[in-house]
Amino acid sequence: MLRALEGGLHGSLEEEWHDKLDCLAALERKVLWLSTWMIHNANHLRPNRDGLKVGGHQASSASVATLMTALYFDVLRPQDRVAVKPHASPVFHAIQYLLGHQTRDKLARFRAFGGAQSYPSRTKDGDIVDFSTGSVGLGVGMTLFSSIAQDYLRLKELVPTEDPPGRMIALAGDAELDEGNIFEALLEGWKHDVRNLWWVIDYNRQSLDQVVSDRLFGRIDTMFEMMGWRVVTLKYGRLLEAAFTRPDGQHLREWIDACPNSLYSALVYKGGEGWREHLQRDLNRHPGIRAILDDHDDDALHGLMTNLAGHDLESVLHAFHGVEDDRPTCFIAYTIKGYGLPFAGHKDNHAGLMNRDQMAVFQANMRVMPGAEWEPFAGLGVPAERLSDFVGATALARAGPRSHTALPVPVPASLPVPRGERLSTQEAFGRLLGDIAAGEAALAERIVTTSPDVTVSTNLGPWVNRRGIFDRAERADTFRDEKVVSAQRWGMSPHGQHIELGIAESNLFLQLGALGLAAPLFGARLLPIGTLYDPFIKRGLDALNYACYQDARFILVATPSGITLAPEGGAHQSIGEPLVGIAQPGLTTFEPAYADELAVLLRWAFAEIQRDGGESVYLRLSTRPIEQPKRQIDKSLAEAIIAGAYWLREPGPGAEFAFAYCGAVAPEALAAHQAVVEDLPEAGLLAITSPDRLHRDWRTADTRGEVGIAERLLTRLRPGAALVTVGDFHPATLSWLGAVAGNAIVPLGVDRFGQSGDIPDLYSAYGIDTDAILDAAARACLLALR
Ligand SMILES: Cc1ncc(C[n+]2csc(CCOP(=O)(O)OP(=O)(O)O)c2C)c(N)n1
Ligand SMILES: [Mg+2]
């Protein structure tokens, strides 16, 4: 009786499994169809107004259709987060369409303005996308740092912990592993004992230009295993596995295992006849192989020889469902680029598009009736209603919006100004954060700092000493325990609020990106602050751009900056970073000169990174101690500091001349101004705190029907008055000011690279000392007379 019941139960489970497989196989087919059709429609059926190729990647999409079908329609839970390889965007959109989260209209406008994006985009495609991708490698790394962010929030119970954590999943192209940021991330992930991380590698052994080297084989799994990952290799599908068990089957396995990637790809392209020719030549002496060849016509033989596990739903499902713990796992899924399409395996297929004739044949094979191309469930072996029910029951279809919201963290009305006769902005920053760390405000609880091995030298010490370093485990501060005197406490625990990274700026920006998306990804707000050396922004520039593109919100404190770093400088000097600050969308850049300005700006930054429509904030600071102004900052001065500029010395009526300075060169500008007012008492001195904000305001003022801030300030001078700008950065940062109100301008700054020296020598060599400023003033006045 019990046996019979068990048998019945087993039977019904089996039926359920087969029903599920049927549904998933039908969806896999539809996903492949819709993704290729979407690209075909964009390239061949939509009017083309500019003669440019539209593109889209049919081969890259086909490669990943099975893996993504399995994930999205069976494996993923709402809390899981996915970075999809950029060139699988059509597959991603097709799946979202079937899930009811994407419109037909947007599919029809794939790659058109306002349509589904060429590469999945959080900001342009909206709620459906967890992580944007596009620059290969970065989306993959981003999942790792999101896993650290998730641990940070869960271990501090800033998010509910009843539900299991989400898995951070990257669907990576195999060539993404060529990007250095992957290795930087892997090592950092090992140090942080990352969890709940899956990297699914679409191992089609093709990149854009070529078939990848065979020698790579065996390196990838070793590398992941070295970093403590589990490696699950999905190599052969069930058809091939069955063939291997036939008499002499092991020779077939050995043959494929030994087959160079290029030959395998070429034969995939050639099809059944090609396979037969090679197998006959190499293995005909084995009767078992001859039997296999006899049993398969060309089509069947091609089906058998291309039956890789990455295209075998059952193998893929078993692999995904087989992982039940939180150990980071790399799935190496063997696939074929262009699987099921006429250019499958061809080395030049990356940008390949089916032509109209090929598409017509493909459409007939897919049993899609003309006119039914966009129908979600038509032309499949499973009835449309059954598929619709199946999809409707998936975890992702039933879940609400993917993006969370989180209440803002209150920001105090002001931050106390660090006191001192002479201070650098870097010193002031350390003290400001130290004061916040000592307080009880909610703000302090939500700040998380991170730095690529420059925590101490960027003056995060006071913060870290009070708030500790984050680690999944408690780790002792051995120097302290051994009573070795040190200014730095270095104890680690889940309570710590500083994430210490190794020296890899790309990792810093990915970590800031992940922490800066804590609210939408995990439902709790963090206020991330990252510190690094200003010149090394360029080291991680693409990752910074990537974080900004996703609208991640963070504060970047770059210090020390420019040639003002002086003796320590040389190769550590930065020149172009303020221009990066101007040109980077999603990032507002400031370069204050004084501690009181910084206090205003840091407070503003905490609010700005939480504002709807706000931006991340980059503060470019200096290590140069300079004399501080004795003043109280009132409301209107604070507003001007945030807006980007104010008159430190007001110009007289109809002034013929002014200096404008930014940042650490304030003392030289003040001295030059003092010298000039002896002859030109009306001369003004403009303090610029943000070339970036001023520039943006200038560009948009007339469209807003307003007089811009820079124009309002500069029209205090007489028309055509002379202007000298100076800063420890490329002169182009401020030279545009001449165009605002038609001033005769001489822009000073640094446009060459790298020398050690003290400030007097360097400022003189690069032409930003007081003498150079005065000299420029004379030239500007001559220009104004022309
Ligand atoms: C940083 C960066 N460099 C170059 C490119 C151009 N590019 C796009 S896809 C690609 C090759 C991708 O190969 P793979 O990751 O194996 O994906 P597949 O198309 O094979 O699925 C290249 C070089 C890019 N998108 N990003
Ligand atoms: Mg590839």
Side-chain angles (χ1 to χ4, degrees), residues 31-32 35-36 39 53-69 71 82-92 111 117-121 131-143 170-185 199-214 216-217 219-220 234-235 261-262 264-265 268-269 306 308 310-311 330-341 343-353 506 509-510 513 538-547 549-550:
V31 163
L32 176 63
S35 61
T36 45
I39 298 167
K53 179 186 113 181
V54 178
H57 301 84
Q58 288 175 331
S60 303
S61 294
S63 177
V64 83
T66 314
L67 293 167
M68 286 181 63
T69 299
L71 276 176
V82 193
V84 174
K85 69 169 188 175
H87 305 84
S89 183
V91 176
F92 173 78
R111 295 196 161 207
Q117 293 296 299
S118 40
Y119 308 109
S121 166
F131 302 111
S132 306
T133 51
S135 178
V136 301
L138 293 181
V140 184
M142 182 71 172
T143 56
L171 271 163
D174 48 351
E176 295 200 66
L177 299 183
D178 287 336
E179 283 288 358
N181 85 273
I182 298 277
F183 303 91
E184 296 177 353
W199 286 1
V200 182
I201 299 173
D202 175 5
Y203 194 49
N204 59 26
R205 288 144 289 135
Q206 276 187 257
S207 59
L208 194 161
D209 284 337
Q210 58 172 343
V211 175
V212 303
S213 164
D214 297 300
L216 210 60
F217 168 78
R219 290 295 135 207
I220 297 178
L234 289 118
K235 190 161 183 186
N261 288 342
S262 307
Y264 185 85
S265 294
V268 167
Y269 180 70
T306 55
L308 300 183
H311 297 300
C330 168
F331 298 89
I332 303 178
Y334 278 70
T335 55
I336 290 169
K337 194 154 169 171
Y339 185 70
L341 308 182
F343 39 58
H346 197 292
K347 71 178 174 58
D348 304 333
N349 66 11
H350 184 77
L353 296 173
S506 173
F509 291 120
L510 290 181
K538 288 190 181 144
R539 247 313 166 92
L541 198 49
D542 200 26
L544 169 62
N545 181 49
Y546 177 68
Y549 176 59
Q550 308 202 58

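Counting starts at 1 for both ligands and their atoms, in listed order. We use all heavy atoms of the structure for the numbers below, so side chains are in, but hydrogens, waters and symmetry mates are not. Keep in mind the model is a prediction, meaning the values are calculated, not measured.
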Can you list the ligand 1 atoms lying under 4.0 Å from a non-hydrogen atom of [X]?
| X | result |
| --- | --- |
| Ser135 | 1 (C), 26 (N) |
| His350 | 9 (S), 19 (O) |
| Gly173 | 14 (P), 15 (O), 16 (O), 17 (O) |
| Glu176 | 15 (O) |

Do you see a donor-acceptor pair shorter than 3.5 Å between the side chains of His350 and Lys337?
->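 Yes, Lys337 and His350 have a side-chain donor paired with an acceptor closer than 3.5 Å.
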Can you tell me if Tyr549 and Ser121 form a side-chain donor-acceptor pair at under 3.5 Å?
-> yes
His57 and ligand 1 - part of the residue with a heavy-atom distance under 4.0 Å | neither
When you look for heavy atoms under 4.0 Å from ligand 1, do you find them on the side chain of Gln206, its backbone, both, or neither?
->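 The backbone, only.
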Which atoms form the tightest heavy-atom contact between [X] and [Y], and what is the distance?
| X | Y | value |
| --- | --- | --- |
| Gly310 | Ala333 | CA-CB, 4.2 Å |
| Leu353 | Gly56 | CD2-O, 3.8 Å |
| Phe509 | Leu544 | CB-N, 3.6 Å |
| Val136 | Asn181 | O-OD1, 4.3 Å |
| Ile201 | Cys330 | CD1-SG, 3.6 Å |
| Asn349 | Ala344 | ND2-C, 4.3 Å |

Say whether Asn204, considering both its backbone and side-chain N or O atoms, lies within less than 3.5 Å of an N or O atom on ligand 1.
-> yes
Return yes or no for this condition: an N or O of Asp174 is under 3.5 Å from an N or O of ligand 1.
-> yes
So is Pro86 in contact with ligand 1, going by heavy-atom distances below 4.0 Å?
-> no
Non-hydrogen atom of Ser207 closer than 4.0 Å to ligand 1 |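 Ser207: in contact with ligand 1 (<4.0 Å).
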Atom 4 (C) of ligand 1 within contact range, any protein heavy atom under 4.0 Å |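 Within 4.0 Å: no protein heavy atom nearby.
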Identify the closest protein heavy atom to [atom]: which residue and atom is it, and at what distance?
| atom | value |
| --- | --- |
| atom 21 (O) of ligand 1 | Lys85 NZ, 2.4 Å |
| atom 1 (C) of ligand 1 | Glu179 OE2, 3.3 Å |
| atom 9 (S) of ligand 1 | His87 CE1, 2.8 Å |
| atom 22 (C) of ligand 1 | Leu208 CD1, 3.6 Å |
| atom 19 (O) of ligand 1 | Ser60 OG, 2.7 Å |
| atom 13 (O) of ligand 1 | Ala175 CB, 3.3 Å |
| atom 26 (N) of ligand 1 | Val136 N, 3.1 Å |
| atom 18 (P) of ligand 1 | Lys337 NZ, 3.5 Å |

Distance, nearest 0.5 Å, that separates CG of Leu234 from CZ of Phe331 =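 With rounding to 0.5 Å, CG (Leu234) is 7.5 Å from CZ (Phe331).
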Would the number of heavy atoms belonging to other residues, nucleotides or ligands and lying under 6.0 Å from CZ of Phe183 be above 12?
->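 For Phe183, atom CZ is crowded (more than 12 foreign heavy atoms under 6.0 Å).
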Only counting residues at least two apart or in another chain, list the ones meeting salt bridge (Lys or Arg N to Asp or Glu O under 4.0 Å) with Asp202.
-> Lys85
side-chain contact (heavy atoms from CB on, under 4.5 Å) between Thr335 and Leu308, intermediate numbers included = CA-CA 6 Å; Thr335 55; Leu308 300 183; 5.8 Å; no
Tyr546 (side chain) donor-acceptor with Ser132 (main chain) under 3.5 angstrom =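 At least one qualifying donor-acceptor pair exists.
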Check for a donor-acceptor pair, side chain of Glu176 on one end and backbone N or O of Gly173 on the other, with a separation under 3.5 Å.
-> yes
Relative to the ring of Tyr119, is the ring of His87 parallel (under 30°), tilted (30 to 60°) or perpendicular (over 60°)?
-> perpendicular
Could you count the protein N, O or S atoms found under 2.8 Å away from the Mg ion (ligand 2)?
->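 Near the Mg ion (ligand 2), the number of protein N, O or S atoms below 2.8 Å is 3.
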Between Arg205 and Tyr334, is any pair of side-chain heavy atoms under 4.5 Å apart?
-> yes
Nearest heavy atom to atom 25 (N) of ligand 1: which of Gly134, Ala88, Ala172, Ser61 does it belong to?
->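 Comparing heavy atoms across Gly134, Ala88, Ala172, Ser61, the nearest one to atom 25 (N) of ligand 1 lies in Gly134.
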